[in-house]
Amino acid sequence: MIVILKNESMTFPAMHEWALAEGIISTADKFAKENNITSITEIHIMIGELQQVEHDIVEFALEQLRTPLMKNTKFIIKAIPAKFKCRNCGHEWTFITGDFTEDVSEAIHFVPEMAHVFIKCPNCGSPDFEVSEGRGVWLQSIKGIKDD
Amino acid sequence: MIVILKNESMTFPAMHEWALAEGIISTADKFAKENNITSITEIHIMIGELQQVEHDIVEFALEQLRTPLMKNTKFIIKAIPAKFKCRNCGHEWTFITGDFTEDVSEAIHFVPEMAHVFIKCPNCGSPDFEVSEGRGVWLQSIKGIKDD
Amino acid sequence: MTDPRLNIIPERFKGVKNIIAVSSGKGGVGKSMVSVSLALAIRDKGFTVGLLDLDFTSPSTHIILGAPSLFPSEDKGIVPPITNGLHYMSIVHYSADKPAPLRGSDQSDAIIELLAITRWEKLDYLIIDMPPGLGDATLDMIRLIPRITFLVVSTPSRLAFESVKKLLLLLIELKIPIKGVAENMVMEESNYIKTEIQKLDLRYLTKIAFNKEVEDSIGDPDKIVSSKFHKDVSKILDFI
Amino acid sequence: MTDPRLNIIPERFKGVKNIIAVSSGKGGVGKSMVSVSLALAIRDKGFTVGLLDLDFTSPSTHIILGAPSLFPSEDKGIVPPITNGLHYMSIVHYSADKPAPLRGSDQSDAIIELLAITRWEKLDYLIIDMPPGLGDATLDMIRLIPRITFLVVSTPSRLAFESVKKLLLLLIELKIPIKGVAENMVMEESNYIKTEIQKLDLRYLTKIAFNKEVEDSIGDPDKIVSSKFHKDVSKILDFI
Ligand SMILES: Nc1ncnc2c1ncn2[C@@H]1O[C@H](COP(=O)(O)OP(=O)(O)O)[C@@H](O)[C@H]1O
Ligand SMILES: Nc1ncnc2c1ncn2[C@@H]1O[C@H](COP(=O)(O)OP(=O)(O)O)[C@@H](O)[C@H]1O
Ligand SMILES: [Mg+2]
Ligand SMILES: [Mg+2]
Ligand SMILES: [Mg+2]
Ligand SMILES: [Mg+2]
Ligand code: NI
Ligand code: NI
Ligand SMILES: [Zn+2]
Ligand SMILES: [Zn+2]
């Protein structure tokens, strides 16, 4: 859902979240065109919590990047908690933000797979785990008015 | 379902399908023990068609390998057609046996991933496809009488 | 569900004129040394050059360049830092040079993420230092980067060439442009590699001599630039 | 759904007394040459030896052994053929030496399949020639083979050792037994690698000289066995 941004300072759009928003906009726009959608009403986005992407910034970027097909689009963002499953011992656990130093958070923020460099399975110590949920930014679905 | 073997010649059990059956039996037995199941009534197995595993041989091997927990087990085998999806161009297609020479069938029979050596996407020629369904032999589920 | 990163990647390479993946079926043939040396040679011709290290589990170019902890800046994406006149991107910026035990699917995810968020300046050339083998990185670059070309490195050894040949056959089959093959670590006169390359109708780019000074030049780009190795590598400039 | 192959794998290794993965963070350091030479040296001590080539995208041991198209026999699984007195398994038996462009997840699946169906005879030693890096093969062997030990190969180069060190740190952290580190392709006196290895509290196994005759011995196991290279490698026998 679109909320009024709490903070529209100019530092916002410079963040790398902008690049992720660009991917969503261009993918949705392309998909709509390919399917003769003349107006996109909703775009559903899932953001995994592992990456600690700032939703405000993503929303701000989405607003700025609206294409002609997105004049009235509602952007609906859902946060997905990060879950891990160890391939070595089968242990499952969830992501706890406070566990990391700022450097580590930064690395995972840009490249989530750096989790395998810095996080170990709390049960067996292995870096060989799967991020079973909550990785990355995904375009879940779009809704629109079709012209056929 | 167990059928009377059409051919019980001694060449049967020597095939490599035996090794796959062993995996199923030992996994099911272990799972049953861990869950206090005293008698396994059904074992559901899925066999992907890519590998062209001989169901008769698998069934024969399963019969021979029954553990004490499997005195009355019904083995239910389901064949899953092989489906491919190209990562390069998105094209999807299904497995057609007749396409391969005997050598290639043999290779894929033992190591299904050899598909990437011998099969190309019929649309773009890429070996970079996914076997989206129908790979390998899987233990789908077991049913049994529990002792708790 | 659609991965929105894939669509934006071609966009990111719009300002890059030439994309060259330095690759080999084999490890340890000198891909990283050649990548760095070639990038520096192109720079010295007055071109704008980027260097992208995609060997995530064994990155080397930061060691060869003697470029310690750099960090990309953030500007609607990440902008590669400049070191030695090269626009330089490596996973080391984030892994802090610690072990990166990544399965292929994670390497693939990391590559896609990096390509999707990296905003290259306008570049005349982007040199990509590839990991060995025919795995995720190679397959991803082929499917994701439309104008990619390959520069393949071999050594004179049969062991190396047998693996290199597999990569070449794959690229030929997929109709990916191949700049040619450079033969590195040459110790004796032999036409083995040259003949094999020509049999495949490909260009033999240069013979790079085995040279003990290469080891000493690691970490010192000025030394690299003034080395016999660099002179041999620079002959590749005629072909790109 | 459960993959029934995982459970049977430990069973397959019950008759194998010692399992040694010859590994390195780095490619081209001589893992395959050392694997073959070491397997032959163990054979000549009168032990039963298996050799498993897990470098699926760049298999080499069949070339080093000069062992052309062999095919495992089928007996309630597959039984590795014997060549040069070694129980020998390689993907090449099935790939017919064509390019095997396998993503990591497919390499992993192929490894699991091969391990699940291969019935090794009773072996004193199984030598595993590993692919470079810290990817699927390395992680799978660590998680699937309970009694695995690692023998790590480096060259004197800083570039090699920086990658090797990452592998060693990973193995140490995971408490996987490390037989030690062999230094290959040594050209000059230097204690760099030895010192670094000892800093990590690991064993420095042997110094293997760089030797041009190695190339000529490829494909000819008798030549390998009578080489200086083999003599250097054989010192590893004291530690395994
Ligand atoms: N022409 C050469 N002469 C001598 N040593 C070389 C030469 N080229 C590369 N090397 C050395 O060979 C090793 C492998 O080189 P590297 O660039 O890391 O290969 P790759 O990237 O293919 O794994 C390094 O130790 C490097 O210093
Ligand atoms: N001690 C040595 N002296 C000279 N050349 C060697 C030596 N050891 C290995 N080589 C050569 O180095 C190259 C890489 O060896 P290889 O065993 O294929 O390495 P890896 O398996 O680690 O990739 C081959 O061309 C091989 O002939
Ligand atoms: Mg390299
Ligand atoms: Mg992942
Ligand atoms: Mg090798
Ligand atoms: Mg697969
Ligand atoms: Ni950011
Ligand atoms: Ni069979
Ligand atoms: Zn674990
Ligand atoms: Zn295709």
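As a basis for the values below, the full set of heavy atoms in this structure was taken, side chains included, without hydrogen atoms, waters or symmetry mates. In what follows, chains are A, B, ... by sequence order, proteins preceding strands, each numbered from 1.
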Is it the side chain or the backbone of [X] that comes within 4.5 Å of chain C heavy atoms, both, or neither?
X: D:D140; result: both
X: D:E173; result: neither
X: D:S108; result: side chain
X: D:A100; result: backbone

Please rank [options] by heavy-atom pairs under 4.5 Å with chain D and give me the top one.
options: C:E162, C:R158, C:K165; result: C:R158
options: C:K26, C:M33, C:M187; result: C:M187
options: C:L167, C:L102, C:L134, C:I64; result: C:L134

If we ignore hydrogens and angles and just use 3.5 Å, is the side chain of [X] paired with the main-chain N or O of [Y] as donor and acceptor?
X: C:D53; Y: C:S60; answer: yes
X: D:Y88; Y: D:H62; answer: yes
X: D:T149; Y: D:I19; answer: yes
X: C:K166; Y: D:P101; answer: no

Mind ranking [options] by heavy-atom pairs under 4.5 Å with chain C and telling me who comes out on top?
options: D:L159, D:V29, D:T57; result: D:L159
options: D:D97, D:V214, D:T138, D:V164; result: D:D97
options: D:G104, D:P99, D:G28; result: D:P99

**Study point:** 4.5 Å side-chain heavy-atom contact, C:L168 and C:F150
**Key:** no
**Study point:** Note, C:S227 side chain near C:N211 side chain (heavy atom, < 4.5 Å)
**Key:** no
Review point. For the atom pair OG1 (D:T83) and CG (D:L70), what is the distance rounded to the nearest 0.5 Å?
Key: 5.5 Å
